[in-house]
Amino acid sequence: MDEVKLLSEAVSNLIAAGEVIQRPASVVKELVENAVDAGATSIQIIIKDAGRTLIQVVDNGKGMSVTDARMAFERHATSKIRQADDLFSLSTMGFRGEALPSIVAVAEVDMRTMRRDDNMGTRIVLAASEVVSQQPEACVPGTNIKVKNLFFKQPVRRRFLKKDPVELSHIVHEFERLALVNCDIAFTLTSNDVTLHQLMPGSLKQRIGELFGKNLVHQLIPVDVDTSLAKISGFVSLPQNARRRGALQFFFVNGRHMRHPYFHKAVMQCYSELIAADAQPNYFLNFTVDPQAIDVNIHPQKFEVKFENEQPIWQILSAAVRESLGRFNAGAAIDFDRDDAPDIPVFSAGHTAAPAEMPDEGGDPAYNPFEEARRQGRAIPTDWDVLYDRFRRSPAPSSPDEEPPAPVYDPPTPAPVAVGAVEIPSRLNSLVSDTSAPSPATMQLKDRYIVTPSKSGLMIIDQHRAHVRILYERYLAMIRGGEIASQRLIFPETVELDPVREVVARSVADMLAPMGFDISPLGSGTWAINAVPAIIENANPGEAFLDIISAMSDQTSSDNPGESQWQSIALSMARSASIKRGTPLLAKEMDTIIADLLAIPDPAYTPDGHTVLRIITTDDINSLFK
């Protein structure tokens, strides 16, 4: 019996829909791209319930005839290309003819459209790939399409959608990409009757300011290079404005947004010596190339683009960014017109200036910075005389062939380690070493790792991740027990939020109050942080708040509204309050981290799955020396 069967049209449409329509943001992308291809100069996007209930796109493009309106919902029916060769000279956003059929396969669609020269338009209603009705209707030129009840016949897919703030954030991010690449089009984005963006036609720099704030515009420097292979234009940020989170990074090619890790690496290499290792620059770069030199027909969502001359363009991009940084990245200049500018005397040949007198600041002449370092718990220089004396007291070998004895070492008596308010003895002997051996020598490597002997070899601990793991367990227990006290700030800290983050902030504000946060909106995307949990008072309040908003954006609608949110908040607070890589630690601090970490049931990984510690066994060490 034959086993290979032709799939039905309904099943084929659902498979295609799964590739093209993954979430409400995918619908917005496809409909807006169609409006752009239709020559629209004004596009309005209306969202209800983060796209679950309604996604409406209204444009003033050229519209469709009665026949075209019906054919547009057939698979692979398109006005963009006619033959295979057209794929290599694309000037439109869409070309496969899969977007509308994929949308109508998973939702209810109601479309009104009319061409400018027609006296009457048409309205067509479809659901689950079936035409419900089509009839003439009076309407304005252009297209008005409504997508209702997304995934209404795929309840599993609908359940896997994330919470409304998260899905809305994806829609806004997609809107930003489309708005940045079509600066000559007016855009309006409305969610639940609230206007999130209203953009007028303008330059790329104006569009960036409208989307992300005027302050960002002052942080950007232009990039502009024109060669026979490619023209690259746009903006990159100054190194001092690099971000540790939420960097705005956009590549466009021929008016199409793309992701390109290879070109991203080129930009990052230009900043390699200028910014911190964990920071990212902002960039908005547009490539204009011959359409025949790129291939966009790689992925259904058309984010991936293959370049024929990828390596030469990489070099052009790198040179262009470096040249811009070289021209604009000057050090902070002195403003000589300021009232407090330094008084520079006029140079006179043969005149010898008197030595400048140091101002008397009233300081203590007996001040010793090393004593201050000891009081503050910072690392102090090693006493080399004491170390040398220990080696000098060691007996010398009696003959050249005799192995020298080990130097005399007087291990210090382990001091009690403070954990919270409880004094407990050091647990290193029982946890990481044989009980018969002296206290192990713990050291810090590159101010990033803690290295200590263990029973099976050598243990290497990432100090930042270890502290995150420790604080996470501590904070989660306090959140569950409702024991978190609030610490008011002397001066409230303000943070600027884009529309996406502001939506999330409004949704979590009430939930954060019992956990010690006091936040309030000030208008225009500005929020005030009035109080923070006392347990993270040493952390940056703004960073802690932004970390929590980012963490809350990673939960599905089926999540437990209690425990999962507590875990996300605990992890965010732990990241904010933990010691960072590059922080020097005293021996007592390292002992505390090791003891607290090994007291946790599963200390090897952070709550989000990153490795905390590794053990190099004695066999591994022996194999290195063969």
Side-chain angles (χ1 to χ4, degrees), residues 377 379 382-383 386-387 390-391 393-395 397 402-477 571 574-575 578-626:
T382 304
D383 192 341
V386 175
L387 292 179
R390 289 174 180 165
F391 279 93
R393 289 189 285 113
S394 302
E402 183 181 344
E403 287 287 338
V408 176
Y409 174 63
D410 301 324
T413 303
V417 180
V419 179
V422 182
E423 294 286 336
I424 62 171
S426 174
R427 289 168 282 183
L428 296 179
N429 288 345
S430 61
L431 292 172
V432 297
S433 178
D434 293 327
T435 55
S436 59
S439 299
T442 301
M443 63 169 286
Q444 189 180 24
L445 179 64
K446 298 291 186 180
D447 291 342
R448 293 170 58 94
Y449 304 102
I450 299 173
V451 182
T452 185
S454 69
K455 291 182 178 180
S456 55
L458 198 64
M459 181 185 297
I460 303 176
I461 301 172
D462 185 308
Q463 67 184 40
H464 168 68
R465 292 178 179 176
H467 203 205
V468 169
R469 187 75 173 91
I470 295 167
L471 294 181
Y472 169 79
E473 296 293 339
R474 189 175 302 168
Y475 294 167
L476 184 58
L571 180 56
R575 287 170 175 164
S578 62
I579 56 173
K580 308 304 179 186
R581 297 181 181 90
T583 303
L585 299 177
L586 298 175
K588 186 175 181 178
E589 294 170 331
M590 290 187 284
D591 286 353
T592 301
I593 290 176
I594 294 172
D596 289 351
L597 178 67
L598 296 181
I600 296 173
D602 184 15
Y605 298 95
T606 62
D608 50 348
H610 295 295
T611 302
V612 174
L613 62 86
R614 292 279 187 175
I615 294 180
I616 302 177
T617 65
T618 305
D619 292 338
D620 294 334
I621 298 174
N622 291 336
S623 66
L624 296 176
F625 295 94
K626 299 182 180 179

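The shortest side-chain heavy-atom distance between Asp591 and Leu586 does not fall under the 4.5 Å cut-off. Proximity of Ile579 to Ile593: side-chain heavy atoms (C-beta onward) are separated by under 4.5 Å at one or more points. At a threshold of 4.5 Å between non-hydrogen side-chain atoms, the residues Ile461 and Tyr449 do not count as touching. A 4.5 Å side-chain heavy-atom check between Thr452 and Met590 finds every atom pair outside the cut-off. When side chains are defined from C-beta on, Leu445 does not count as touching Ile460, because their heavy atoms never get closer than 4.5 Å. Counting heavy atoms from C-beta on, the side chains of Ile450 and Met459 never come closer than 4.5 Å.
Arg474 contributes atom CZ, which lies 6.5 Å from atom NE2 of His467 (distance to the nearest 0.5 angstrom). A distance of 12.5 Å separates CD1 in Ile470 from OG1 in Thr606, rounded to the nearest 0.5 Å.
What you find for Pro603 and Leu597 is that their closest heavy atoms are CB-O, 3.2 Å. Closest of all the heavy-atom pairs between Ser456 and Ile615 is OG-CG2, 3.5 Å. Pairing each heavy atom of Val612 with each of Ala466, the nearest pair is CG1-CA, 3.7 Å. In this structure, Pro584 and Glu589 approach most closely via the heavy-atom pair O-OE1, 4.2 Å.
Residues satisfying the side chain to side chain donor-acceptor pair (under 3.5 Å) criterion with Arg448, sequence neighbours excluded, are absent altogether. Listed by chain and residue number, nothing satisfies the salt bridge (Lys or Arg N to Asp or Glu O under 4.0 Å) test with Arg614 (two or more places apart in sequence, or in another chain).
Judged by distance alone, with hydrogens and angles left aside, the side-chain atoms of Gln463 form a donor-acceptor pair with the main-chain N or O of Thr583 at under 3.5 Å. Thr611 places no side-chain N or O within donor-acceptor distance of the main-chain N or O of Tyr605, the cut-off being under 3.5 Å. Between the Arg469 side chain and the Asp602 main chain, a donor and an acceptor come within less than 3.5 Å of each other.
In this structure, a donor-acceptor pair under 3.5 Å is present between the side chains of Asp620 and Thr617.
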In sequence, state the C-alpha distance, the side-chain angles, and the governing distance for Val468 and Leu571, and then conclude on side chain to side chain contact (heavy atoms under 4.5 Å, CB included).
CA-CA 7 Å; Val468 169; Leu571 180 56; 3.9 Å; yes
